Structures are given as structure tokens and as C-alpha cells.
Amino acid sequence: MTSLHTRHIQPLILANLTGDNWHLSDYVARGGYAQLKRILSERITPEAIIAEIKASGLRGRGGAGFPTGLKWSFMPRQFPGQKYLVCNSDEGEPGTFKDRDILRYNPHALIEGMAIGAYAMGITVGYNYIHGEIWAEYARFEEALEEARAAGLLGERIQGSDFSFQLHAHHGYGAYICGEETALLESIEGKKGQPRFKPPFPASYGLYGKPTTINNTETFAAVPFLLALGGEAYLKMGRPNNGGSKIFSMSGDVALPGNYEVPLGTSFATLLALAGGMRDGKKIKAVIPGGSSMPVVPGEVMMATDMDYDSIAKAGSMLGSGAVIVMDETRCMVKSLLRLSYFYYEESCGQCTPCREGTGWLWRMVNRIEHGQGRMEDIELLGSVAENIQGRTICALGDAAAMPVRAMLKHYMHEFEHHIVHRQCMVPAYI
């Protein structure tokens, strides 16, 4: 069974994919590599490409939502030495499974997008860092790379032009922390995946100490479709400051879990309907809209919210990676937080004291409350520890552990109090 669904609204990256038509010939039949060939044959300037990306409103699809064209403009094109392009396919965020579907069903879109990015930034070597726990997708991407090389779409003097680009796949080690861009760079270099202090930023000191641009899988894969439409048309698909389509990974208590590609600004209610609505007809209780590290939002708030960066920020959370975790009325928020807290406790790299010590502290307190040993002072202490972790670590893993705690206490304090007072869950139907 596949997690890919075909009932999309104006799909781009996931359009017309069956699971068997991922080869180079299939991609070319769908118009693939036309933009790369056009750029090279017409000698379109890198400045013109970056201007088009900026006009499109494309924002990073990995979580931060940073404007892609602006990031590309940071690369010092005239730097005399080697520069690198890196794709972050280390998809370890719980609830997120869109990037592996791109690798599985449309790998050539990613390759073309990376080649166009390399051309625009004057880069000749790239790496795709693929999550260590997905072997089949890594193997397929390697096959796609071989097809592209054999067709003269990668390598030296692509399509007879002066542009050369070598692209390699790098299989990761399965560590969540390697989804952080500088820890990812450390891992490619063969070192322990731990985040670097910033500054310096990767654009000036990245892979092997050279200027490096890092983008997410979905970001690169969107580039050929964006250029085919034109920046202005791509922007109009979504909303101002939220251009184009976005793939949302729908999971949890929905009838049809899977990936759904819709224009940014589509209402959550529409997205939920595409996913078949709530499973077994139950009522919606809560939604984590951007992956497990994002603050939870009450269901009634999400039902009135649109799926774009700015609307979700107004609802008190973040769009993040686009992993939408839906919880129905039978779900216990204490037990849900226990699972989240344990994950971040286990995945902390241990480099920063607030995260190394604080994540374990959070988990132990929630574990006490869940198992009927909590104290009322634990609630205030939970909030205090989370507050003292957030914003005090080298990377965002500390924030990822703290934000779910603070949001759960904000919206579902009564469930924590009930656990402490009655030594049991207030949601008896929880499974």
C-alpha cells in the first residue's frame, strides 16, 4: 500500500504519478528536464533565475519557511574555490513522510531542481543527504541519478553547455538531529552529527568549510514546475508571501492518511475532507499542523484556519514541514505528550546542557503524571523547565521539545490536573 493519493487540488510535484512511472522516460514525457534544457540552450542568466524564484514567493518546505530566492542570492557566485549544493532529505520529523514520496515517485524532479539551483548559484558539486532509515528510496534515487548521468543531464558539460554539475546521494545514519542543517554537514564530512554554532552560516562556511546552500527535498522539486508556470503564476496559486502548492502529510485519526498537495492558503477543513474526514465519524479534538515539534492547536481553531505560514502562525503554531497530525476526541493529551517528550529526550545529541538535561526532566515529569504519581507542582515546573530550554540551545531541538509542552499546558491544562487529582485519565475511551 502506498501513502500517495491522487485526489489533489492543482497538484504539481505529485501530479499524474502511479508509483511505476518514476523513470527518466516517464518524467520527460511529463515535460521533465524541459526547464533545465531551456536554461542551458537559451543561456538564461543566473540572476534572471533567482529573480524568478524570488517573484514566486517560494519558501523553504523543510520547516523554517525561509524565502528560497533570497537564500540562493546569498551564495557568493564569484567565490574562486569549490562551492556545494546540499539537499536535506533527512526526513526524521514524526508525522512527516512527503520527501520520501518525492524520492520514490518523482526523483527526477528533485534532480532537475538541484541542477537548476546549481546553475543559478555557480555550483558544480551537490549532495542529497537521505534519511538512514529509508533504504528503498535511497536505492531508487541512485537509479535515477544513473539515468540522468547516462542521458547527459548530469556530469561534465551538460547538454553540450559550459555548465557541469556532479550530484551524489549520501545515506545518513537515522539520527533526528541530522535534519538540522549544520549537523547534516558534519555527518556528510564523516563526523558525529552535532549542530555547529552560527555564525558563520553555511552560505559562507558550510560543507568542508566552503560556501554551501542547503534546501529541502520539496523545495528543490518545486523549482522546475515553478519555472514552467512562471514566478508570478506560481505565486498566484497560493497567497502573498505563500506562493505555490504544498504537500501535507496527513496522519492520525483521519480516514485516508497520506500525502496531499494543495495550494498554500487552502482551508484546513478542505484538506481534512480530502483525507476522508475524521476516522469512524469521531469529533476532532486537536491538530499538530507542522510535525511533532510544533505547538498543538485545538480542533475548533484549526477548522477555521487556512494552511499557510501566516495563517497557522496566527493560530498559535507553525506550518513547519507540513506534517498534519490529527487527534480525535478519544485521545489523551497527557499520553500524547509523553510520547513526544520521550522522542525528544532520546534524540537529543547532548551537546547543550539545557536540552541534554531538560528533555529528560520533561519526560520524567510527564511520565509521573501519566502513571498516577504526579504532583500539582509538576505542572508549574513543566512550564518552567520548558521555558528555560526554549531559545537556549545551539539548534532548534530544544525548542522542539519545549514548544509541545507549553502548548499542551496552555490548551489542555485540565487534563493534566485531572490526571494528578484522580490518578487516572479523564478520557476513558483512549486506546
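We're numbering straight along the sequence, starting at 1. Note that the structure is a prediction, hence the values are computed from the model and not measured.
Taking CG from D90 and NE2 from H131, the interatomic distance works out to 5.5 Å, rounded to the nearest 0.5 Å. Taking CG from D253 and CE from M327, the interatomic distance works out to 8.5 Å, rounded to the nearest 0.5 Å. Within the model, atoms CG of L184 and CD of E189 stand 10.5 Å from one another, a figure rounded to the nearest 0.5 Å. Going from atom CD1 of I111 over to atom CZ of F165 covers 9.5 Å, rounded to the nearest 0.5 Å. With values rounded to the nearest 0.5 angstrom, M121 atom CE is found 5.0 Å from W72 atom CH2. One distance of note links CG of L17 with CH2 of W22; it measures 13.0 Å at 0.5 Å rounding.
Look at D101 and R104 and you find a salt bridge, because one of the NZ, NE, NH1 or NH2 atoms lies within 4.0 Å of a carboxylate O, short of that distance. Here K283 does not pair with D328 in a salt bridge; the nearest charged N to carboxylate O distance is not below 4.0 Å. One finds a salt bridge joining E218 and K246 here, because a Lys/Arg side-chain nitrogen approaches an Asp/Glu carboxylate oxygen to under 4.0 Å. The pair E415-K410 fails the salt-bridge criterion, with no side-chain N (NZ, NE, NH1 or NH2) lying under 4.0 Å from an Asp/Glu carboxylate O. With respect to D308 and R239, a salt bridge is recorded, a charged nitrogen being found less than 4.0 Å from a carboxylate O. Between E137 and R140, no side-chain nitrogen of the basic residue sits less than 4.0 Å from a carboxylate oxygen of the acidic one, so the salt-bridge criterion is not met. A salt bridge links R100 and E91; the closest N-O separation between the charged side-chain nitrogens and carboxylate oxygens is under 4.0 Å.
Across all their heavy atoms, L397 and E347 have their closest contact at CD1-O, 3.7 Å. A pairwise comparison of heavy atoms in S245 and M237 identifies CB-CE, 3.9 Å as the closest pair. Of all heavy-atom pairs between I177 and C349, the closest is CG1-CB, 4.1 Å. In this structure, F141 and A169 approach most closely via the heavy-atom pair CD2-CB, 3.9 Å. Across all their heavy atoms, G152 and I158 have their closest contact at O-CG2, 3.4 Å. Shortest non-hydrogen contact noted between H108 and A148 is CE1-N, 4.1 Å.
Ring geometry, Y27 versus Y33: the interplanar angle exceeds 60°, so the pair is classed perpendicular (tilted spans 30 to 60°). By the 30° and 60° cut-offs, the orientation of the rings of H414 relative to Y412 is tilted.
R279 places no side-chain N or O within 3.5 Å of a backbone atom of A255 that could act as its donor or acceptor partner. At least one donor-acceptor pair under 3.5 Å links the side chain of S317 to the backbone N or O of P295. Judged by distance alone, the side chain of S164 and the main-chain N or O of R157 form a donor-acceptor pair under 3.5 Å. Panel note: side chain S187, backbone A183; no donor-acceptor pair is recorded below 3.5 Å. Put simply, the side chain of K83 never gets that close to the backbone of K210: no donor and acceptor are under 3.5 Å apart. Judged by distance alone, with hydrogens and angles left aside, the side-chain atoms of T266 form a donor-acceptor pair with the main-chain N or O of P263 at under 3.5 Å. For R30 (side chain) and A15 (main-chain N/O), no donor-acceptor pair under 3.5 Å exists by modelled atom type.
Using modelled atom types, one finds no donor on one side chain facing an acceptor on the other under 3.5 Å when comparing S89 with D99. Counted by atom type alone, S267 and D306 present zero donor-acceptor pairs between their side chains at under 3.5 Å. Side-chain N/O atoms of H23 and E143 include no donor and acceptor closer than 3.5 Å. Judged by distance alone, the side chains of S311 and T305 never bring a donor and an acceptor atom under 3.5 Å apart. Side-chain contact check for T96 and S321: at least one donor-acceptor pair (N or O, by modelled atom type) lies under 3.5 Å.
Shown here is N388, whose CG atom has more than 12 heavy atoms of other residues, nucleotides or ligands within 6.0 Å. The neighbour count for F163 CZ, taken as heavy atoms of other residues, nucleotides or ligands under 6.0 Å away, is above 12.
Residues F343 and Y176 bring their aromatic ring centres within 6.0 Å. A ring-centre distance under 6.0 Å is not found for Y260 and F248. Y129 has its ring centre less than 6.0 Å from the ring centre of H170.
Here side-chain hydrogen bond (donor to acceptor under 3.5 Å, both in side chains) pairs that include residues 289-304, with residues two or more places apart or in two chains, are E93-S293, S292-Y344.
Contacts of T393 classified as side-chain contact (heavy atoms from CB on, under 4.5 Å), with partners at least two apart in sequence or in another chain: C352, P354, C355.
Taking 4.5 Å as the limit, every side-chain heavy atom of V287 sits out of range of all side-chain heavy atoms of V296. The closest side-chain heavy-atom distance from R406 to Q390 is below 4.5 Å. Side-chain contact between Y105 and N21 is absent, with no heavy atoms from C-beta onward closer than 4.5 Å. In this structure, the side chains of I214 and L185 come closer than 4.5 Å at one or more pairs of heavy atoms. Inter-residue side-chain proximity for K98 and E261 is flagged as unmet; no heavy-atom pair is nearer than 4.5 Å. Looking at heavy atoms from C-beta onward, L319 lies in side-chain contact with L264 at the 4.5 angstrom threshold. Looking only at side-chain heavy atoms (C-beta outward), L167 and M114 come within less than 4.5 Å of each other. Residues E112 and I116 are in side-chain contact: their nearest non-hydrogen atoms beyond the backbone lie under 4.5 Å apart.
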Does Q82 form a side-chain contact (heavy atoms from CB on, under 4.5 Å) with Y208? I'd like the steps, not just the answer. CA-CA 9 Å; Q82 183 66 61; Y208 303 117; over 6 Å; no

Stepwise side chain to side chain donor-acceptor pair (under 3.5 Å) check, E180 with Q194: CA-CA 8 Å; E180 196 280 332; Q194 286 190 321; over 6 Å; no

Let's go through N88 and T217 carefully: what are the C-alpha distance in whole Å and the side-chain angles of both, what is the deciding distance for side-chain contact (heavy atoms from CB on, under 4.5 Å) to 0.1 Å, and is it a yes or a no? CA-CA 6 Å; N88 186 346; T217 312; 6.0 Å; no

Between I39 and I49, is a side-chain contact (heavy atoms from CB on, under 4.5 Å) present by the stated rule, with each step listed? CA-CA 9 Å; I39 287 167; I49 296 170; 3.8 Å; yes

Run R196 and E186 through side-chain contact (heavy atoms from CB on, under 4.5 Å) and show every step you take. CA-CA 8 Å; R196 299 174 181 174; E186 291 283 290; 2.7 Å; yes

Go through the steps to decide whether K198 and E181 satisfy the test salt bridge (Lys or Arg N to Asp or Glu O under 4.0 Å), and finish with yes or no. CA-CA 11 Å; K198 291 183 286 189; E181 61 179 15; 3.5 Å; yes

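Taking the ring axis of Y309 as reference, the NZ or CZ atom of R59 stays within 45° of it and closer than 6.0 Å to the ring centre.
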Please set out all donor-acceptor pairs under 3.5 angstrom arising from side-chain atoms of residues 219-233, sequence neighbours excluded.
residue : atom : partner : partner atom : Å
T219    : OG1  : R61     : N            : 2.9
E232    : OE2  : K236    : NZ           : 3.3

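Of the candidates P76, P202, S204, P211 forms a side chain to side chain contact (heavy atoms under 4.5 Å, CB included) with just one, namely P76.
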